[in-house]
Amino acid sequence: MPPNEIIEEIHRQREALAREFGYDVKKLMDYYRQRETEREAKGQKVVSFIEPALSTTTSYVLRDEPPKKKK
């Protein structure tokens, strides 16, 4: 598979940030949350992964006993 320059750049940036925060996940996540708050304050949209509502047409069947095998 040929190297993908975009993916390689993402890996370089991720590594640089991790190194900057001493590979401390808590510090890194605090940094990301701070950037998210700053961008929201500037009016930039932040992606949100909200769970979709269950469909009203979905139905489930609960059986008290397993189906009988055909002979």
Side-chain angles (χ1 to χ4, degrees):
M1 178 188 290
N4 186 322
E5 294 175 18
I6 295 171
I7 300 297
E8 288 176 4
E9 180 62 21
I10 290 169
H11 286 270
R12 281 192 295 274
Q13 292 295 324
R14 185 181 63 193
E15 176 63 26
L17 274 173
R19 192 176 325 111
E20 181 180 336
F21 292 101
Y23 300 94
D24 185 329
V25 175
K26 182 175 180 341
K27 289 179 184 177
L28 187 59
M29 296 314 295
D30 288 343
Y31 168 76
Y32 282 132
R33 286 186 198 98
Q34 178 186 0
R35 284 196 58 190
E36 184 177 282
T37 302
E38 290 169 358
R39 289 180 185 232
E40 284 177 335
K42 291 180 181 178
Q44 295 176 342
K45 289 186 177 183
V46 177
V47 176
S48 176
F49 297 99
I50 298 173
E51 302 257 341
L54 289 176
S55 172
T56 56
T57 59
T58 304
S59 64
Y60 298 96
V61 176
L62 178 63
R63 296 178 186 210
D64 291 332
E65 49 188 70
K68 301 198 188 281
K69 291 183 182 178
K70 294 182 180 181
K71 293 183 181 182

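The first residue in the sequence is number 1, and the count goes up from there.
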Would Lys27 and Asp30 satisfy salt bridge (charged side-chain N to carboxylate O under 4.0 Å, His left out), going step by step from the backbone distance to the final call? CA-CA 5 Å; Lys27 289 179 184 177; Asp30 288 343; over 6 Å; no
With a sphere of 6.0 Å drawn around CD1 of Ile6, does it hold more than 12 non-hydrogen atoms of other residues, nucleotides or ligands?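 Check fails, neighbour count at 12 or below.
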Exactly one of Glu15, Arg14, Glu8 should register a side-chain contact (heavy atoms from CB on, under 4.5 Å) with Arg12. Which one does?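 Checked Glu15, Arg14, Glu8 against Arg12; only one passes side-chain contact (heavy atoms from CB on, under 4.5 Å): Glu8.
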Enter the distance from Gln13:CD to Glu9:CD here, rounded to the nearest 0.5 Å. 4.5 Å
Within one Ile-Leu-Val-Met-Phe-Trp-Tyr cluster: Tyr31 and Met29, side-chain cutoff 4.5 Å: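 Yes.
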Is there a continuous path of hydrophobic side-chain contacts, each under 4.5 Å between heavy atoms, that joins Val25 to Phe21?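 Yes; Phe21 is reachable from Val25 via cluster members.
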Show the numbers, then the answer: is there a side chain to side chain contact (heavy atoms under 4.5 Å, CB included) between Tyr32 and Leu17? CA-CA 10 Å; Tyr32 282 132; Leu17 274 173; 3.5 Å; yes
Would you please say whether a donor-acceptor pair under 3.5 Å links the side chains of Gln44 and Glu40?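 No.
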